[in-house]
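What follows is a set of notes on a single structure, which appears directly below.
Lettering of chains follows the sequences in order, A, B, ..., and the numbering in each one begins at 1.
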Protein chains: 2
Amino acid sequence: MNRVISIESIKVACKNCSLGSLCLPMGLTPPDVEKLEKIIKRNRPLHRNDHLFRENDSFSSLFVVKTGTIKTYLPREDGGEQVLGFHLPGEIIGLDAIQDERHTCSAKVLETSAVCELPFGQLEELAQVIPSLQHQMFKLLSKEIAEEGKMLTLLGKKNAEERLASFLASLSCRFKRRGFSATDFYLSMSRNEIGNYLGLAVETVSRLFTRFQEEGVVRVDRKHIELLDQDRLEAVAKGSLCARTSESNSA
Amino acid sequence: MNRVISIESIKVACKNCSLGSLCLPMGLTPPDVEKLEKIIKRNRPLHRNDHLFRENDSFSSLFVVKTGTIKTYLPREDGGEQVLGFHLPGEIIGLDAIQDERHTCSAKVLETSAVCELPFGQLEELAQVIPSLQHQMFKLLSKEIAEEGKMLTLLGKKNAEERLASFLASLSCRFKRRGFSATDFYLSMSRNEIGNYLGLAVETVSRLFTRFQEEGVVRVDRKHIELLDQDRLEAVAKGSLCARTSESNSA
DNA sequence: CGAGTAGTTGACGATTGTCAAGATGGGTGG
DNA sequence: CCACCCATCTTGACAATCGTCAACTACTCG
């Protein structure tokens, strides 16, 4: 993994950005993209364990992950934490904080990362004069809301096996869209964080990785994952394997 | 329960609406509220089991619940459904559909209800010329996103007891804000739907209601709920009762 | 009044969490 | 450069919560 990131490579230039259509400018006209570029701040690279922001920090900007991975989490009453998500390049962080101008969760850097900073006040002003940007932002927020349903289903109905398979399938899909391999990637998060995110004990996650490997679905070496049988993985994720004819709580 | 709702009573008039500051117009100036009123459609009352929309229906409007309760849910691969939420007066439905102009979930009426319909295209146009409306809408969407974290914690970490207590506490709080009793209310959803929503089996929900009643925390008669000890309920919801010193997955 | 749906209760088992011990590997300092 | 150390991960044994199955009750609605 190349840890050296030149200033040049993170220079903000949406129109040249490798994220392309994944990011906010999607669907904007070139002149509008230029206006957007003007308000975007360049940030120094962030290092593992840095915090982008913490719960209750006052909110002023959204962030788009350019490279690396960022974890968002919520401190729990019992002192532990609840992982809310892992954010890959092209994904936006901070949308939850618009409502009362205070971050409701913390964001921690899992591996050397770079982000674009979008001062929200200016973004709003811009959206006020660029209808397609306003629309784009509504869509962005909406997408986040629509995604929630899948996670609720995962946590509410899926068993451990289905959860981990879904997780791997989701990562695979997201890597692919970003031009990385869909079948060979590194996990930037720990087993503990995966378990926390999926509502499982670390031990369960560990056992499942072992089992998946034994079954020939994946090859696991520490953080390195190779998907050997994507169809099977998808099938497990959907729960359409293993003859479970559950009709539970169907009503 | 009064099932007769006169046309008069559902006439749209934001400025007189009992929802007051709960709804969209919150924070708008009177002239802006008037503009908003002009685009709002009046809908006939909806009856139990009506669908407001179904998954994949094309999206054109947001809906605000005026009276009653509406359930949103996602069909699951196995033919069952995943309940996403129960929407009380003042709560907005359809935000998930903005992203690709198609509803991602279905919305079903649990008891005679009335809704305001907000044609989204017109709402966007209005937001384009009323900055405070644009801001208000961003906040609305953001709030929805921020709420998600609580639900993930509930499903990921809480046990059955904590889940049901959290659910009752949440309902209580929402009823209170709407001017209803915080300690005496009717559930418009079935045990099955509660269990589905909370990731529990119906039987578990049923047993917990019985247990809570035996412990003197609530009085339950069918759909009628009385909260007898709110502090205790809150404590159970937070998991700060029953000496569980869990530090699980804290990292 | 009858039938069907929703809710309750009990018995049982399985999935998954907990506890404990051990293995592995990366990072740091001598 | 090696060795040690600590965090992370793995594996096993056990227990408990909660889901499943089944029977029974009680409403509700036609």
Side-chain angles (χ1 to χ4, degrees), chain A residues 1 3 47-49 78 80 110-111 154-165 186-214 218 220-225 236 239 242-251, chain B residues 1 3 47-49 71 78 80 83 110-111 154-165 186-214 218 220-225 236 239 242-251:
Chain A
M1 277 174 280
R3 301 223 160 187
H47 300 292
R48 181 170 165 75
N49 292 330
D78 63 3
L110 293 185
E111 60 182 338
L154 185 144
L155 291 173
K157 296 290 170 317
K158 298 196 173 187
N159 64 24
E161 184 175 271
E162 290 161 9
R163 291 183 200 193
L164 188 62
Y186 282 82
L187 300 174
S188 48
M189 66 294 290
S190 69
R191 301 283 194 270
N192 203 323
E193 288 165 328
I194 295 173
N196 185 306
Y197 176 60
L198 297 176
L200 301 171
V202 200
E203 294 90 333
T204 304
V205 174
S206 188
R207 275 186 257 268
L208 284 172
F209 271 127
T210 304
R211 178 135 60 93
F212 283 175
Q213 175 153 264
E214 284 166 2
V218 300
V220 184
D221 176 31
R222 198 94 180 137
K223 305 253 178 193
H224 182 205
I225 304 287
V236 174
C242 294
R244 11 179 77 244
T245 42
S246 77
E247 266 286 326
S248 70
N249 282 22
S250 311
Chain B
M1 275 177 285
R3 300 221 161 188
H47 300 292
R48 180 168 166 76
N49 292 329
K71 165 181 88 168
D78 65 2
V83 173
L110 294 185
E111 59 180 339
L154 184 143
L155 291 173
K157 297 290 171 316
K158 297 196 175 187
N159 63 25
E161 183 175 89
E162 290 160 9
R163 290 182 200 193
L164 188 62
Y186 282 83
L187 301 173
S188 47
M189 67 293 291
S190 69
R191 301 284 194 269
N192 203 324
E193 289 165 326
I194 295 173
N196 185 306
Y197 176 61
L198 297 176
L200 300 171
V202 201
E203 294 91 334
T204 304
V205 174
S206 187
R207 274 185 258 269
L208 284 172
F209 271 127
T210 304
R211 178 134 60 91
F212 282 175
Q213 174 152 265
E214 283 167 1
V218 299
V220 184
D221 176 31
R222 198 92 179 137
K223 305 252 180 195
H224 181 204
I225 303 287
V236 174
C242 293
R244 14 179 73 244
T245 42
S246 77
E247 266 286 328
S248 70
N249 282 22
S250 311

Roughly, in whole Å, what's the span from CG in Leu110(A) to C1' in dT8(D)? 15 Å
Okay, side chain of Asp221(B), backbone of His224(B): is any donor-acceptor separation there less than 3.5 Å? no
Nearest whole angstrom, please: distance from the P of dT10(D) to the CD1 of Ile194(A). 9 Å
Salt-bridge test for Glu203(A) and Arg191(A): reply yes if a basic N is under 4.0 Å from a carboxylate O, no otherwise. no
At under 4.0 Å, does any side-chain N or O of Arg222(A) touch on OP1 or OP2 of dC9(D)? no
Of the listed nucleotides dG7(C), dA20(C), dA22(D), the one nearest the side chain of Glu203(A): dA20(C)
Taking only N and O in the side chain of Ser190(A), is any of them less than 4.0 Å away from OP1 or OP2 of dT8(D)? no
State whether Thr210(A) places a side-chain N or O below 4.0 Å from either non-bridging phosphate oxygen (OP1 or OP2) of dT11(D). yes
To the closest 0.5 Å, what do you measure between CD (Gln213(B)) and CG (Leu208(B))? 12.5 Å
Distance-only, no hydrogens or angles: does the Lys157(A) side chain make a donor-acceptor pair with backbone N or O of Asn196(B) under 3.5 Å? yes
Lys223(B) side-chain N/O to dA6(C) phosphate OP1/OP2 under 4.0 Å: no
Is there a side-chain polar atom (N or O) of Arg207(A) under 4.0 Å from OP1 or OP2 of dT16(C)? no
How many whole angstroms separate atom CZ of Arg48(B) from atom P of dG30(D)? 11 Å
Between dT15(C) atom P and Leu198(A) atom CG, what is the distance in whole Å? 19 Å
Rounded to the Å, how far apart are Leu164(A) CG and dT16(C) P? 12 Å
Can you tell me if Arg163(A) uses its side chain to pair, donor with acceptor, with the backbone of Leu198(A) under 3.5 Å? yes
Rounding to a whole Å, what distance do you find between Arg211(B):CZ and dT17(D):P? 9 Å
Nucleotide dG26(C), atom P - distance to NE2 of His224(A) in whole Å: 14 Å
Whole-Å distance between dT16(C) P and Leu155(A) CG? 13 Å
